Structure formats: C-alpha cells, structure tokens
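Each remark here refers to the structure printed beneath this line.
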Amino acid sequence: LAMAPNDADTHHTAALALRRLGRFDEALDECEQAEELAPSLIGYQYDRAFTLLGLRRYDKALRAWDSMIDRHPTLTWPLLGRYWIRFAGTGDTKGWRAEWDRLASTMDKSDRAIIAYVTYTGTDDLPGLIAWYERASPDEVAGSRDYTLGVAYAAIGDLKSARPHL
C-alpha cells in the first residue's frame, strides 16, 4: 500500500486479504479506498457491501447494495442481492423465488448459473438448486453441473443420486 497508495486494485487486494483474515473493519477501510479511487468498478462496490455483511451491518450493506444498483441500472443480477442481505440479516427468504423467476430470463447464461447457485445455497433451498441444475442446459452451467448436483444430493442425504455426479 505504501508503494501504490493511489492504486484501487492494491487497496482492493488488501481488502480481500484482510477480510479472509477476519479483519473486517480494516477490510472495509480498504474497500472504501478502492471504491473512492475507482467509483465505477462494480467489483469494489460489491466487496464493500459483502464486507459490511461480514460486520453484520445489514442496513449499511443494503444501502451499499442499493447504491450499486443505482450506479449500474442495466445489470439484473445485483437485484437479487437485496434478498441475500435480507436473508443474512433476518433469515427471511420471502420474495426471492419470485424475483429469481422474474430476473433469470434476462440474465446471460453464466450469470444465471452463478446466481442460481448462490441464491439456492444461500437460502438452504438445496432441492430448488437440484431442480434448477437438472433442467439447465449444459452450456448454461459449463463444467459445474455434475459437481454441484453431486454435492447438493449428498447434502440432502441422497447418496444414490449423488454418486454418478461425483
């Protein structure tokens, strides 16, 4: 940081390392530095919101997420993040399935696969994850289909269905 105090990537990398070490307050400072230096990069905004989640500052995380949505109104995947934040803060999953169904058709294939995985696992809806991956086309889920299905089936105790995927 001393060698590149005005480099957003350096601050962002420091933030990720600090967050991994569980030093969330310091990570938040670095996230904010990165975002200040490069306010248009969505990755920095995303990581600031998730660092706030790690600190259990749900209201601030939601405001950071909403700010990201305001700055990038054409992206659809951030809209689902509001549900992740609400779930993290309250355990309430109400509304996420309808929002997922509404938004999924507007996302590109790789975004759909990533968001499906995070949304279904983040709300502990493993049967929903399995159903989504079973009906997804191979090009939609790339190489993650078998592994994801195997792990999800194993997690719900269906080892017979898990074995062919692992």
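Here, residue 1 is the first one in the sequence, and each next residue gets the next number. All values reported here derive from a predicted model rather than from experimental measurement.
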* Starting at CD of Q33, measure out to NE2 of H11 and round the result to the nearest 0.5 Å. => 4.5 Å
* Gap between atom CD of E32 and atom OG1 of T51 - 0.5 Å precision -> 9.0 Å
* Under the salt bridge (Lys or Arg N to Asp or Glu O under 4.0 Å) test, residues paired with E35 that sit two or more places apart -> R48, R71
* Sidechain-backbone polar pair: Q45 side chain, A64 backbone, donor-acceptor under 3.5 Å -> no
* To do: Compare all side-chain heavy atoms of E26 with those of L21 and state whether any distance is below 4.5 angstrom.
  => no
* Structure fact -> The side-chain hydrogen bond (donor to acceptor under 3.5 Å, both in side chains) partners of R63 (sequence neighbours excluded) come to none
* **Contacts of type side-chain contact (heavy atoms from CB on, under 4.5 Å), residue L53, not counting sequence neighbours** => F50, Y58, A61, I85, A88
* Structure fact -> CZ (R19) and CG (D47) are apart, to the nearest 0.5 Å, by 4.5 Å
* Shortest non-hydrogen separation from A8 to A38 and the atoms involved -> CB-CB, 3.8 Å
* Asked: Applying ring pair (Phe, Tyr, Trp, His ring centres under 6.0 Å), which residue pairs with at least one partner in residues 18-39 are found, sequence neighbours left out?
  -> none
* For the residue pair Y44 and D9, establish whether any side-chain heavy-atom pair is separated by less than 4.5 Å. => yes
* Asked: Are I69 and Y46 connected, step by step, through hydrophobic side chains (Ile, Leu, Val, Met, Phe, Trp, Tyr) whose heavy atoms are closer than 4.5 Å?
  -> yes
* State, with a plain yes or no, whether a side-chain heavy atom of D25 is found less than 4.5 Å away from one of L55. => yes
* **Partners passing salt bridge (Lys or Arg N to Asp or Glu O under 4.0 Å) against D29 (at least two apart in sequence or in another chain)** => none
* To do: List for me each residue that meets salt bridge (Lys or Arg N to Asp or Glu O under 4.0 Å) alongside E36, sequence neighbours excluded, and say none if there are none.
  => none
* Asked: How long is the gap from CG on L28 to CG on L52, to the nearest 0.5 Å?
  -> 5.0 Å
* Calculate, to the nearest 0.5 Å, the distance between atoms CZ and CG belonging to R20 and L18 respectively. => 12.5 Å
